[in-house]
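Notes for the one structure printed next.
If you're wondering where the values come from, they're calculated on a predicted model, not measured in any experiment. When reading the values below, keep in mind they use all heavy atoms of this one structure, side chains included, and skip hydrogens, waters and symmetry mates.
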Amino acid sequence: MTAAEPIKQLAFASCFQQALPAPAMEAIAELDPDVFLWMGDNIYADTEDMAVTRAKFQVVRELPAYARIRAGSQVIGTWDDHDYGRNDAGKEYPKKVEAQVALLDFLDVPENSPRRVQEGVYSVADFGPPGKMVRVILLDLRYFRDEVGSDGAMLGEAQWQWLEKVLGESEAQVNVLVSSIQVLAAEHPWEKWGNFPTERKRLLDLLAKPEMPPVIILSGDRHVAEISVDRETTGYPLYDITSSSLNLPLGDGTEPNRYRVGEMFRPANFGTLSFDWAWEKPQVTACVRDEHGVPQRAVMISVER
């Protein structure tokens with residue numbers, strides 16, 4: 001894919017245990033997406049020793065399937081807690097500066113990128129020509145996050161201002177917002193935006209502003225996959241497509257979620273967004289695929305208010 005060509009498919013994934021077999025990585029390589037997106041827990045580092053973190057990233061880089069993905073797709077990404085360095089960690093993690101460098105090196109982020117000098121790994125990437133463009137906005141939910149139970153900060157003011165700017169100024173026909181943890185699902189006891197209700201309301205209020213383009217949310221973290229939709233809060237159907245995990249599935253698939261479409265998918269999985277540009281408004285098919293690439297859950301999204 002060149003900058004003059006519209007993107008046809010984006011693959012996304014989270015929660016990759018680098019020490020375990022990963023048939024899903026082979027399936028992604030076979031699919032050959034235009035873009036591959038890491039959504040967090042890209043390795044399980046869980047350490048303050050950056051030599052350990054870098055060694056685990058190198059295990060991933062040396063996988064033949066991932067080498068094929070890097071050769072054929074544009075790779076972008078953000079982090080969650082385990083590749084950040086500690087389970088459920090936030091701004092208190094003492095090695096966050098060093099961990100940021102390790103992640104950006106893993107993602108082959110250029111040395112002159114603003115991400116190399118800013119605090120936090122949030123970023124924006126555009127794909128495709130004017131009129132058939134996809135903007136991917138990647139959040140950092142670790143670097144600035146206050147303690148759970150504080151109802152404090154998730155993004156930090158600098159990231160909030162950046163988010164409002166890159167979303168409000170977007171000229172893309174499809175805008176994808178990447179959150180390493182779930183935005184809509186709020187009834188389970190695990191990590192989620194619902195643990196910070198003031199920040200969650202601020203995000204949904206921002207997305208509801210009529211001057212803001214509609215978004216599709218992608219999320220990970222949960223070790224299960226599901227599709228959620230809120231049809232009321234933002235003035236358009238707001239989808240949160242959760243894909244997790246690549247090779248470490250957990251959970252029993254029975255937890256409540258008032259926004260869920262259909263049923264959870266528990267086995268190892270990854271997700272795809274496929275783009276149909278033949279319509280006046282682009283049609284996007286969001287799909288949860290099993291570790292062999294076979295579609296298991298899907299929904300078609302018309303990107304408009």
Side-chain angles (χ1 to χ4, degrees), residues 10-16 18 35-50 52-54 56-58 60-61 66 69-70 73-127 135-146 153-167 175-183 191 193 196 199 203 215 217-221 243-244 246:
L10 178 152
F12 54 98
S14 68
C15 303
F16 182 52
Q18 71 284 341
V35 177
F36 177 66
L37 166 60
W38 290 107
M39 297 192 296
D41 293 341
N42 310 318
I43 56 169
Y44 282 76
D46 297 290
T47 182
E48 295 179 12
D49 185 340
M50 290 302 107
V52 172
T53 296
R54 289 182 175 277
K56 291 181 176 181
F57 275 134
Q58 189 61 28
V60 181
R61 289 176 68 91
Y66 186 57
I69 292 169
R70 289 177 62 215
S73 307
Q74 298 189 56
V75 177
I76 58 175
T78 186
W79 59 16
D80 200 38
D81 51 342
H82 293 288
D83 44 346
Y84 182 59
R86 181 187 298 160
N87 185 46
D88 294 351
K91 68 180 184 182
E92 77 285 351
Y93 176 63
K95 293 290 187 177
K96 60 185 182 182
V97 173
E98 295 87 345
Q100 176 168 335
V101 176
L103 176 73
L104 299 183
D105 287 349
F106 170 67
L107 295 173
D108 298 309
V109 173
E111 291 297 327
N112 62 353
S113 168
R115 298 175 89 187
R116 293 287 186 175
V117 294
Q118 73 182 27
E119 292 184 314
V121 302
Y122 57 89
S123 66
V124 61
D126 292 330
F127 302 98
R135 168 160 284 196
V136 181
I137 301 170
L138 301 104
L139 300 179
D140 182 337
L141 302 184
R142 294 294 159 188
Y143 201 99
F144 308 97
R145 201 204 72 183
D146 287 329
M154 283 270 281
L155 301 187
E157 281 306 310
Q159 190 175 182
W160 273 116
Q161 293 174 20
W162 167 85
L163 173 59
E164 186 164 0
K165 181 176 187 293
V166 297
L167 184 58
N175 291 275
V176 178
L177 182 65
V178 181
S179 169
S180 60
I181 63 176
Q182 290 181 307
V183 175
E191 286 208 299
W193 275 78
F196 295 81
E199 291 280 85
L203 177 63
V215 304
I217 298 172
L218 304 182
S219 61
D221 176 63
S243 175
S244 175
L246 269 170

Quiz item: Counting only N and O atoms by type, is there a donor-acceptor contact under 3.5 Å from the side chain of Ser14 to the main-chain atoms of Ser243?
Solution: yes

Quiz item: Given side chains that start at C-beta, do those of Tyr44 and Asn87 come closer than 4.5 Å, heavy atoms only?
Solution: no

Practice problem: Indicate the atoms forming the closest heavy-atom contact of Trp193 with Ser179, along with that distance. | Solution: NE1-OG, 2.9 Å

Quiz prompt | Positive for side-chain contact (heavy atoms from CB on, under 4.5 Å) with Leu139, one of Val178, Thr78, Leu163 | solution = Leu163

Self-check item: Nearest atoms (heavy-atom pairs only) where Tyr143 meets Tyr84
Solution: CA-OH, 3.7 Å

Exercise. Give a yes or no on whether the backbone of Val166 and the side-chain of Arg135 come within a donor-acceptor separation of less than 3.5 Å.
Key: yes

Quiz prompt | Contacts of type side chain to side chain contact (heavy atoms under 4.5 Å, CB included), residue Glu164, not counting sequence neighbours | solution = Leu206, Lys209, Met212

Quiz prompt | Side chain Asp146, main chain Ala153, donor-acceptor under 3.5 Å | solution = yes

Practice problem: Kindly write out the residues that satisfy ring-ring contact (aromatic ring centres under 6.0 Å, His included) with Phe106, not counting sequence neighbours, or none if the list is empty. | Solution: Trp38, Phe57, Tyr66

Quiz item: Do Lys91 and Arg145 come close enough that some side-chain heavy atom pair is under 4.5 Å?
Solution: no

Quiz item: Between Glu119 and Lys96, is the closest basic N to carboxylate O distance under 4.0 Å?
Solution: no

Self-check item: Min side-chain heavy-atom separation Met39-Leu37 under 4.5 Å
Solution: yes

Practice problem: Give a yes or no on whether a salt bridge exists between Asp105 and Arg116, defined as a side-chain N under 4.0 angstrom from a carboxylate O. | Solution: yes

Quiz item: What do the steps show when you test Leu155 against Leu141 for side-chain contact (heavy atoms from CB on, under 4.5 Å), and what is the final call?
Solution: CA-CA 6 Å; Leu155 301 187; Leu141 302 184; 3.3 Å; yes

Quiz item: Are the charged groups of Arg61 and Asp108 less than 4.0 angstrom apart, N to O?
Solution: yes

Self-check item: Donor-acceptor under 3.5 Å (Glu48 side chain, Pro94 main chain)
Solution: no

Quiz item: side-chain contact (heavy atoms from CB on, under 4.5 Å) between Leu177 and Leu167: does it pass, once the steps are laid out?
Solution: CA-CA 9 Å; Leu177 182 65; Leu167 184 58; over 6 Å; no

Quiz prompt | Any donor-acceptor N/O pair, Glu191 side chain to Ile181 backbone, under 3.5 Å | solution = no

Exercise. Quick one: pull up CG in Asp46 and OG1 in Thr53 and give me the separation to the nearest 0.5 Å.
Key: 8.5 Å

Quiz item: Arg115 and Val121: which non-hydrogen atoms are nearest, and at how many Å?
Solution: NH2-O, 2.6 Å

Practice problem: Please report the C-alpha distance between Ile76 and Phe12 in whole Å, then the side-chain angles of each, then the deciding distance to 0.1 Å, and finally whether the side-chain contact (heavy atoms from CB on, under 4.5 Å) criterion is met. | Solution: CA-CA 10 Å; Ile76 58 175; Phe12 54 98; over 6 Å; no

Quiz item: So, Asp41 side chain and Asp221 main chain: donor-acceptor pair closer than 3.5 Å or not?
Solution: no

